[in-house]
Amino acid sequence: MQCGWPLLGPLQWSCYVNKQVKVKAGKDDEHRGWLLTVDPVSASLVLVNFREAGGASVQVVMGHAVEDVEVLQEADAETVERLQTPFLLPRTLKLDPDELRSRRGGVRRWLEQNRVPVTEEGDELIVAGVLTITAPYGPENCCSSNQIILDRIQKLIQSRVPLHPHHPEADPERDLSLQD
């Protein structure tokens, strides 16, 4: 990779995701780790290193400082799963299938009311083909490598559902359209 890392763009950056890389960021500054994602605005790299005792450390290398990125190793299926595991929230809320179906439908309708393209694939909602929403369909259940879309959809869902799931207004069937 040449010195133009920030100029490459998301399509080229995605070729480096889920690979172990060596990043040169300055004269004597070198970082190694598994590339989890690249911020589309700043070209910053998010590197993950697994600890022997368990867990992972996360490091961000600012995009403007990157001079060279070299792929060291491809990730196998186990490594890809490990890369995603530290960032998945535990599912502490247990809901029955009917309630989950109702929430999924409510979130889908809310997104459609806000003119957001959304489809259902099994138990997941797919937004514009680049974001996935899993059960129980809250802002924290959104997943996307596009940080801008992720932030906007999370805020949109947050504006629909209060934080506490047992709050009376947390009913996913509640009509939240603006009324005069």
N/O donor-acceptor pairs under 3.5 Å from side chains in residues 126-133, not counting sequence neighbours:
none

Share the residues that join L7 in a hydrophobic cluster, the rule being Ile, Leu, Val, Met, Phe, Trp or Tyr side chains under 4.5 Å apart at the heavy-atom level. none

Residues which pass side-chain contact (heavy atoms from CB on, under 4.5 Å) with D123, listed by chain and number, not counting sequence neighbours: R104, Y137

Keeping to residues at least two apart or across chains, list the salt bridge (charged side-chain N to carboxylate O under 4.0 Å, His left out) pairs with something in residues 35-53. none

Donor-acceptor check, side chain of W110 to backbone of L156, threshold 3.5 angstrom: yes or no? yes

Heavy-atom donor-acceptor pair, E70 side chain to K22 backbone, under 3.5 Å: no

By salt bridge (charged side-chain N to carboxylate O under 4.0 Å, His left out) - contacts of E124 (at least two apart): none

Are any of the side-chain heavy atoms of K19 and E74 separated by less than 4.5 Å? yes

Please go through V41's hydrophobic cluster and name the other residues, only I, L, V, M, F, W, Y counting, with side-chain heavy atoms under 4.5 Å joining them. I148

The test is side-chain contact (heavy atoms from CB on, under 4.5 Å); show your working for V38 and Y16 and say whether it passes. CA-CA 9 Å; V38 179; Y16 292 85; 5.9 Å; no

Listed by chain and number, what are the side-chain contact (heavy atoms from CB on, under 4.5 Å) partners of Q59, not counting sequence neighbours? H31, L47

Just to verify, what does D28 make a salt bridge (charged side-chain N to carboxylate O under 4.0 Å, His left out) with, not counting sequence neighbours? none

For A65, enumerate each residue passing the side-chain contact (heavy atoms from CB on, under 4.5 Å) test, keeping only those at least two apart in sequence or located in another chain. A25

Which residues satisfy the salt bridge (charged side-chain N to carboxylate O under 4.0 Å, His left out) test with E121, sequence neighbours excluded? none

Using side chain to side chain contact (heavy atoms under 4.5 Å, CB included) as the criterion, point out the one residue from V17, V69, V60 that pairs with L45. V69

Could you tell me whether a side-chain N or O of N114 sits under 3.5 Å from a main-chain N or O of V116, the two making a donor and an acceptor? no

Among all residues two or more places apart in sequence or in another chain, which pass the salt bridge (charged side-chain N to carboxylate O under 4.0 Å, His left out) test with D151? K155

Please identify each residue that fulfils side-chain contact (heavy atoms from CB on, under 4.5 Å) with E78, with sequence neighbours left out. D76, R82

Taking the side chain from W5 and the backbone from A43, do they hold a donor-acceptor pair closer than 3.5 Å? yes

